[in-house]
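Note that the coordinates shown come from a computational prediction; the quantities given were computed from them, not determined experimentally. Reckoned from all heavy atoms, side chains included, excluding hydrogens, waters and symmetry mates.
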Amino acid sequence: MALRLFAALNLPDTIAARVLALQTGVSGAHWRPRENLHVTLRFFGELREDIARDLDEALIEGLGAAAPFSIHLQGAGAFGRDDPHTLWLGLGESPALRKLAADIERIARRIGLPADTRKFSPHVAIASLRRRPMGGGAVAQAHAFVARCALFASPSWEVSGFGLFSSWIRRGQPSQYRLEADYPFGGQTPA
């Protein structure tokens, strides 16, 4: 059996509440539910269970001594400039977050996974838009959303670990995610 896996940071409830309050004003947007709000650190794709176990062991060994750090949400954007397909909130610059993502990438490659060809762009996807070309009004609404949230900034929160999640795509519904493993920093015990 294969698992579709990714490493991510969950948002604290107080931050998620601020994100949920922004989710309005774009016709046809499929807003992400609370349980799907996260910062993806690395998408691994479909992995056999034995490779998933190797990944888990390598993440425990390679990142257990990492130190907590603070991050915050900042700004907004859309993937797909003329035909936007995803609305997102960005993160303020964080060398520690970039290092964590790079360390996870290094570990993935060390166990034989192919390199992630996408540049790490920390964000929280908050809405999916129709995949077919959007009408001018909906495109204008998406751009207006990005402009409205351009100066958005959340309070900072402390990242004290990350999770390995499995994902199931469900037709006509949001993807379903399940925490498979928790990786606390600095030898902390998982909650």
Side-chain angles (χ1 to χ4, degrees), residues 3-26 29-45 56 59 63-64 66-79 84-105 108 116 118-129 142 145-170 173-186 188-191:
L3 294 171
R4 188 170 187 260
L5 296 173
F6 64 95
L9 305 174
N10 264 329
L11 300 186
D13 288 337
T14 55
I15 303 301
R18 289 173 181 252
V19 172
L20 294 172
L22 298 173
Q23 294 180 326
T24 186
V26 182
H30 298 282
W31 300 105
R32 299 270 171 101
R34 162 64 184 110
E35 60 272 15
N36 287 17
L37 298 176
H38 63 270
V39 179
T40 300
L41 298 167
R42 170 60 150 88
F43 181 72
F44 302 107
D56 175 55
L59 289 171
L63 294 170
F69 58 90
S70 292
I71 59 173
H72 68 280
L73 298 176
Q74 181 177 322
F79 293 128
H85 56 80
T86 303
L87 297 176
W88 51 264
L89 296 175
L91 277 86
E93 185 53 40
S94 169
L97 177 62
R98 290 196 178 279
K99 180 180 181 327
L100 175 61
D103 288 346
I104 292 171
E105 174 64 20
D116 189 349
R118 294 166 293 190
K119 180 183 172 198
F120 178 62
S121 176
H123 66 278
V124 176
I126 63 170
S128 298
L129 306 174
F145 174 86
V146 170
R148 175 172 53 96
C149 297
L151 298 179
F152 172 78
S154 75
S156 294
W157 75 91
E158 184 174 273
V159 174
S160 57
F162 67 97
L164 183 65
F165 293 84
S166 57
S167 170
W168 291 273
I169 298 172
R170 302 182 301 173
Q173 297 180 46
S175 294
Q176 183 177 2
Y177 304 137
R178 182 175 73 199
L179 179 64
E180 298 291 340
D182 201 12
Y183 305 96
F185 295 153
Q188 301 174 11
T189 305

For this session: Begin with the C-alpha distance, continue with both residues' side-chain angles, and end with the deciding distance and a verdict on side-chain contact (heavy atoms from CB on, under 4.5 Å) for Leu91 and Leu97.
Result: CA-CA 10 Å; Leu91 277 86; Leu97 177 62; 3.8 Å; yes
For this session: Test Val124 against Ile15 for side-chain contact (heavy atoms from CB on, under 4.5 Å), laying out the working first.
Result: CA-CA 11 Å; Val124 176; Ile15 303 301; over 6 Å; no
For this session: Report the C-alpha distance between Leu9 and Ile71 in whole Å, list the side-chain angles of each, state the deciding distance to 0.1 Å, and finish with yes or no for side-chain contact (heavy atoms from CB on, under 4.5 Å).
Result: CA-CA 11 Å; Leu9 305 174; Ile71 59 173; 3.8 Å; yes
Problem set entry | Evaluation steps, side-chain contact (heavy atoms from CB on, under 4.5 Å), between Ser94 and Lys99 | CA-CA 9 Å; Ser94 169; Lys99 180 180 181 327; over 6 Å; no
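Two residues are said to be in side-chain contact when any heavy atoms from C-beta on lie closer than 4.5 Å; Leu89 and Leu22 meet this criterion. No side-chain heavy atom of Arg34 sits less than 4.5 Å from a side-chain heavy atom of Val19.
A donor-acceptor pair under 3.5 Å links the side-chain atoms of Gln23 to the main chain of Ile126, judged by distance alone. Using a distance-only test at 3.5 Å, with no hydrogens or angles considered, a donor-acceptor pair links the side chain of Ser154 to the main chain of Leu73. Under a 3.5 Å cut-off, the side chain of Glu105 and the backbone N or O of Arg42 do not form any donor-acceptor pair.
With rounding to the nearest 0.5 angstrom, the OG1 atom of Thr14 is 9.0 Å from the CH2 atom of Trp157. A distance of 11.5 Å separates CD1 in Ile104 from CG in Asp116, rounded to the nearest 0.5 Å. The structure places CG of Leu20 at 12.5 Å from CZ of Arg18, a figure rounded to the nearest 0.5 Å. Atom CG of residue Leu11 and atom CG of residue Asn36 lie 11.0 Å apart, to the nearest 0.5 angstrom. Once rounded to the nearest 0.5 Å, the distance linking CD of Gln74 with CG of Leu151 reads 9.0 Å. Atom CG of Leu5 sits about 8.5 Å away from atom CZ of Phe43, to the nearest 0.5 Å.
No side-chain N or O of Ser70 forms a donor-acceptor pair with one of His72 less than 3.5 Å apart.
Heavy-atom minimum distance, Phe185 versus Ala67: CD1-O, 3.7 Å. The nearest pair of heavy atoms linking Thr24 to Phe145 is O-CD1, 4.0 Å. Between Thr40 and Phe120, the shortest heavy-atom contact is O-CE1, 3.4 Å. When all heavy atoms of Ala76 and Val146 are compared, the pair lying nearest together is O-CG1, 3.7 Å. Closest heavy-atom contact between Ala101 and Leu41: CB-O, 4.0 Å. For the residue pair Arg98 and Pro122, the shortest heavy atom distance occurs at NH2-CD, 3.8 Å.
Ring geometry for His38 against Phe165 counts as parallel: the plane angle stays under 30°, on a 0 to 90° scale with 60° as the upper cut. Below 30°, between 30° and 60°, or above 60°: for Phe79 and His85 the angle between ring planes is below 30°, a parallel geometry.
Of the candidates Glu180, Arg4, Gln176, Glu180 is the only one forming a side-chain contact (heavy atoms from CB on, under 4.5 Å) with Ser166.
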